[in-house]
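Heads up: the structure comes next, in structure tokens.
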Number of protein chains: 2
Amino acid sequence: MYSNAGGQKPRLIGELSAASDRISVSDFRYGRGAEIFGEAEPAEYIYQVIEGAVRTHKLLPDGRRQIGAFHLSGDIFGLENGATHRFTAEAIVATMVRLVKRKSLDNVAQNDPAIFNTILDMTTSSLVHVQNRILLLGRKTSLERVAAFLLEMHFRSTTAGVMHLPMSRRDIADYLGLTLETVSRAISELRRGLILKFEGTTQRHIVILNVQTLAKLADEPDAAA
Amino acid sequence: MYSNAGGQKPRLIGELSAASDRISVSDFRYGRGAEIFGEAEPAEYIYQVIEGAVRTHKLLPDGRRQIGAFHLSGDIFGLENGATHRFTAEAIVATMVRLVKRKSLDNVAQNDPAIFNTILDMTTSSLVHVQNRILLLGRKTSLERVAAFLLEMHFRSTTAGVMHLPMSRRDIADYLGLTLETVSRAISELRRGLILKFEGTTQRHIVILNVQTLAKLADEPDAAA
DNA sequence: CGATTACTTGAATATCCTCAAGGAGAGTGG
DNA sequence: CCACTCTCCTTGAGGATATTCAAGTAATCG
């Protein structure tokens, strides 16, 4: 559940390369903060993060922002959209993204049940992730939310030991339905409780010292196993 | 978006009857409050509400409850689960439910791209619904949440004019990430503002007097169109 | 009809947010 | 390479929104 945002399996685009004569793939680079696609735009492509990190969000008219997901290296995104994008996607840091034309994907999927099943699986996995987030946003306290977030990032992190967060406290806050100050206070509390520590000089390199306690604080006892 | 919880199209089980020689369909009755399936149980069936109403929920260890969705007459549910159910489902009132064996559905879908597409569409629609709920739970105020809920029920309601809510204030609260008192206060406020009124003697028969204002309060201006 | 459950409203409290200030880190140009 | 600037993060104090606790009334169900 934590291994990958939305549980999307990076293998899809690998599989597609087998049918590469019929699909169009291209790579793009985006600078820090650049928009990859906008909400309500037609969804012509699906995307895979090659390097960097991406956030998706929705805005309310008065500027309140809700981040839908973070996508890290290897993650596929934009698939969960139907005909039009339902989020805006932005590069968090300098990011390379691979684009696959939706139409060519659909064409291949028509004749390949395995790919069709992969698409359905990925969509179902997104649903699982998002359903857990509904419990978090509807019922968890600020400390539980921050603990759950750090746990998620911990398990998604490829580097063992130190975890490198590409996103700001504000991004985390908008992901968890909190303010950046509340996120900062929760992290400070976890630091005082020796559940995590900062590595080096920056506040974005974090070492989880006690995963089990963190999982208990997140109200996700199964994650401690 | 409001016409159906999760946008699931009730047509699936109708389509299936065309292949009824290969699928097993049966009907069950559940009393008020009865459990239809439990979280983490294997998902053997998908379900359609024939009559009545169903709620799905998750519980935290200390009893906090988050309702995932309400399913009304015609709605299909349990499809969004993978191999195991990720919610507990209960009848809100006396309810008749039609069950379809998942395996027989899968078998039919293997050879029928139309049904496969219907399944994918329904899953994608669930995702859309759930993503809008994330914005609601993460960033909306109590009044905005209650307004959005009433608007959703208004558009899903089959009866024109008076809307009959099968669920309690507590159910609504657990759906919106609030307490029942806060929901009650918000409804009272909308009543004082002449945006809705109660019909008859009960507090569950509601008439929306001003849909546009309600949509504005819900921060969903497009719903007013 | 009686008992139970559901809903509303008020008062006090808690959690999280807002406003504010200070300091540390990262990036830029001299 | 260092100074400068901008952004980010932390922490504190005060305030707002929603919750908790409580009581009373109304509606539903057997």
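Just so it is clear: chains get the letters A, B, ... in the order the sequence lines come, proteins before strands, and each one is counted from 1.
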>> Looking at B:Thr202, I'd like to know whether one of its side-chain N or O atoms comes within less than 4.0 Å of OP1 or OP2 on D:dA27.
In response: no

> What's the CG-P distance between A:Leu176 and C:dT15, to the nearest Å?
Replying inline: 18 Å

>> Rounding to an integer number of Å, can you tell me how far A:Ile187 CD1 sits from D:dT10 C1'?
In response: 11 Å

>> Can you tell me if A:Arg169 touches the phosphate of C:dG25, counting only side-chain N or O atoms and a distance under 4.0 Å to OP1 or OP2?
In response: no

> Expressed in angstrom and rounded to an integer, what is the separation of B:Ile172 atom CD1 from C:dA6 atom C1'?
Replying inline: 12 Å

> To the nearest Å, how far apart are B:His205 NE2 and D:dA27 P?
Replying inline: 12 Å

>> As a test of understanding, state which of A:Arg65, A:Glu152, A:His57, A:Gln66 forms a side-chain hydrogen bond (donor to acceptor under 3.5 Å, both in side chains) with A:Tyr175.
In response: A:Glu152

> Where does the angle between the aromatic ring planes of A:His85 and A:Phe37 fall among parallel (under 30°), tilted (30 to 60°) and perpendicular (over 60°)?
Replying inline: parallel

> Tell me: CD of A:Glu189 to C1' of C:dT15, nearest whole Å?
Replying inline: 12 Å

>> With a 6.0 Å cut-off on the ring centroids, do A:Phe77 and A:Phe87 count as close?
In response: no

> Between A:Ile195 and A:Leu150, does a side-chain contact (heavy atoms from CB on, under 4.5 Å) hold up when you go through it step by step?
Replying inline: CA-CA 11 Å; A:Ile195 291 159; A:Leu150 292 169; over 6 Å; no

> What integer distance in Å separates A:Leu196:CG from D:dT10:P?
Replying inline: 10 Å

> Yes or no on side-chain contact (heavy atoms from CB on, under 4.5 Å) for A:Glu44 and A:Arg102, after CA distance, side-chain angles and deciding distance?
Replying inline: CA-CA 5 Å; A:Glu44 278 188 74; A:Arg102 250 192 130 69; 5.7 Å; no

> NA contact type, B:Arg32, heavy-atom cut-off 4.0 Å: base, sugar-phosphate, or nothing?
Replying inline: sugar-phosphate

> Reckon A:Ser184 has a side-chain N or O less than 4.0 Å from the OP1 or OP2 of D:dT11?
Replying inline: no

> Once you round it to whole Å, what is the distance between P of D:dG12 and CG of A:Leu180?
Replying inline: 16 Å

>> Output one letter per nucleotide in nucleotides 13-20 of chain D: B when a protein non-hydrogen atom lies under 4.0 Å from the base, S when only the sugar-phosphate is that close, - when neither is.
In response: B----SBB

> Given the rule in the side-chain contact (heavy atoms from CB on, under 4.5 Å) test, do A:Gln203 and A:Arg191 qualify, once you have shown the distances and angles that lead to the verdict?
Replying inline: CA-CA 11 Å; A:Gln203 299 112 325; A:Arg191 210 145 60 107; over 6 Å; no

> With no hydrogens and no angle check, is any side-chain donor or acceptor of A:Arg145 less than 3.5 Å from a backbone partner on A:Leu137?
Replying inline: yes

> To 10°, what angle do the rotation axes through the five end pairs on each side of the helix from C:dC1-D:dG30 to C:dG30-D:dC1 form?
Replying inline: 60°

> Sub-3.5 Å donor-acceptor pair from the side chain of A:Thr95 to the main-chain atoms of A:Tyr30, do we have one?
Replying inline: no

> Which whole-number value in Å describes the distance from B:Gln203 CD to C:dA6 P?
Replying inline: 12 Å

>> Side-chain N or O of A:Arg204 versus OP1/OP2 of D:dC9: is the shortest distance under 4.0 Å?
In response: yes

>> When you measure from the side chain of A:Gln48 to the backbone of A:Leu99, do you find a donor-acceptor pair of N or O atoms at a distance under 3.5 Å?
In response: no

